[in-house]
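Side chains included, hydrogens not; waters and symmetry mates left out as well; all remaining heavy atoms used. Each residue takes its place number in the sequence, starting with 1.
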Amino acid sequence: CILTMDILEKHGPHAPIDSDLIHVHEWSATATKKICGSFPRLFYGQINEARQQYGTFSLPSKLVWELLDATCEEIARNGFNKIVIVYGHGGNPQLIRYFIQSQLERKRDYAIYFFDPTLPAEVMAKQIRKSDLKGDQHGGENETSSLLYMRPELVKMETATNESGANQKRLDLNPDLYTAI
């Protein structure tokens, strides 16, 4: 079973708050036509770094963990012995990897996998880009163009330049050091 998960948060003034969910669901729907079933989209995950932003849906970490665990248990109880989690939000791969490692605490009748694809640079179509690849992240050209392809009726391009998504450079850390933002 493919379990598509992501969070709800603002993606600029032009894109829907479920942009990340749309991406992982559409990618997974394409794959499931050829392999197996897909579970309905889940909108919970870690998003504490943006909970102050309007449009962000942020649940307590303990509840997110319990929901994910209970969801996997129920998927398995319904006959699936392989669960592939597909997630599109940058802040959650560590959470999912730790969740999967924790599955070894007790015997289970199913296995959980995390599919975390990376796009090769050549897929990013550098020659036709209007923005710098380094700064094109949240709600940027890449996400917007794929939403325009998948769900054009949800994107409001007339408002796309009303806000800047540029890095505010409020925290200058050594690249080998990680902290929550």
Side-chain angles (χ1 to χ4, degrees), residues 1-11 15-51 56-124 133-134 136-140 142-147 149-151 175-181:
C1 180
I2 293 181
L3 176 59
T4 57
M5 294 177 53
D6 230 305
I7 45 87
L8 300 177
E9 69 173 328
K10 182 179 177 181
H11 280 79
I17 64 170
D18 64 341
S19 292
D20 293 322
L21 277 166
I22 291 169
H23 283 113
V24 296
H25 182 73
E26 293 294 327
W27 296 329
S28 299
T30 300
T32 58
K33 289 176 187 171
K34 298 176 185 165
I35 51 173
C36 63
S38 181
F39 195 79
R41 303 183 307 172
L42 299 180
F43 60 90
Y44 52 78
Q46 182 285 125
I47 186 60
N48 291 315
E49 69 273 16
R51 75 179 296 143
T56 299
F57 185 82
S58 183
L59 296 173
S61 301
K62 182 178 178 182
L63 181 57
V64 169
W65 188 277
E66 290 174 359
L67 284 168
L68 181 54
D69 191 48
T71 299
C72 290
E73 287 284 331
E74 283 298 294
I75 290 172
R77 188 182 64 78
N78 280 280
F80 290 93
N81 63 2
K82 293 179 184 165
I83 301 167
V84 179
I85 298 174
V86 181
Y87 213 104
H89 184 260
N92 287 284
Q94 297 88 340
L95 167 77
I96 294 169
R97 285 184 178 93
Y98 182 60
F99 174 76
I100 290 172
Q101 289 172 348
S102 76
Q103 301 304 294
L104 298 173
E105 290 179 346
R106 66 177 175 83
K107 185 176 169 101
R108 297 171 193 267
D109 296 333
Y110 58 93
I112 303 174
Y113 303 88
F114 176 41
F115 182 65
D116 188 19
T118 55
L119 291 175
E122 62 270 13
V123 173
M124 303 296 270
L133 183 60
K134 289 181 198 169
D136 182 20
Q137 295 177 17
H138 195 71
N142 188 46
E143 278 189 340
T144 300
S145 63
S146 64
L147 282 169
Y149 173 76
M150 293 177 206
R151 299 290 304 275
D176 296 330
L177 191 61
Y178 173 83
T179 188
I181 57 169

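- In this pair, Trp65 and Phe99 present their aromatic rings perpendicular. The plane angle is above 60°, beyond the 30 to 60° band.
- Separation of atoms CD1 (Ile100) and CD1 (Ile112) is listed at 6.5 Å; rounding is to 0.5 Å.
- The CE atom of Met5 lies 8.5 Å from the CG atom of Leu67; values are rounded to the nearest 0.5 Å.
- Residue-environment remark: CG (Asn78) exceeds the threshold of 12 foreign heavy atoms within 6.0 Å.
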Could you go through the side-chain contact (heavy atoms from CB on, under 4.5 Å) check for Asp6 and Tyr87 one step at a time? CA-CA 6 Å; Asp6 230 305; Tyr87 213 104; 3.5 Å; yes
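- Ile7 CD1 to Leu21 CG: the interatomic distance, rounded to the nearest 0.5 Å, is 7.5 Å.
- Atoms OG1 and CD, on Thr4 and Glu26 in that order, are 10.0 Å from each other to the nearest 0.5 Å.
- Atom-to-atom distance recorded for Ser61:OG and Ile47:CD1 is 11.5 Å, nearest 0.5 angstrom.
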Test side-chain contact (heavy atoms from CB on, under 4.5 Å) on His11 and Asp20 and set out the steps. CA-CA 9 Å; His11 280 79; Asp20 293 322; 3.2 Å; yes
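- When every heavy atom of Ser19 is checked against every heavy atom of Leu147, the shortest pair comes out as OG-CD1, 3.2 Å.
- Between the SG atom of Cys1 and the CG atom of Asn81 there is a distance of 11.0 Å, given to the nearest 0.5 Å.
- Of all heavy-atom pairs between Asn48 and Ser58, the closest is OD1-OG, 3.4 Å.
- Ser28 places no side-chain N or O within donor-acceptor distance of the main-chain N or O of His25, the cut-off being under 3.5 Å.
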Test side-chain contact (heavy atoms from CB on, under 4.5 Å) on Leu3 and Leu68 and set out the steps. CA-CA 10 Å; Leu3 176 59; Leu68 181 54; 4.0 Å; yes
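- Applying the side-chain contact (heavy atoms from CB on, under 4.5 Å) rule to Ile17 yields the partners Leu8; only residues at least two apart in sequence or on another chain are considered.
- Between Ala50 and Thr56, the shortest heavy-atom contact is O-OG1, 2.9 Å.
- Partners of Arg108 by side-chain hydrogen bond (donor to acceptor under 3.5 Å, both in side chains), not counting sequence neighbours, listed by chain and number: Glu73, Gln103, Tyr110.
- By the side-chain contact (heavy atoms from CB on, under 4.5 Å) test, Leu104 is found to be paired with no residue, residues two or more places apart in sequence or in another chain being considered.
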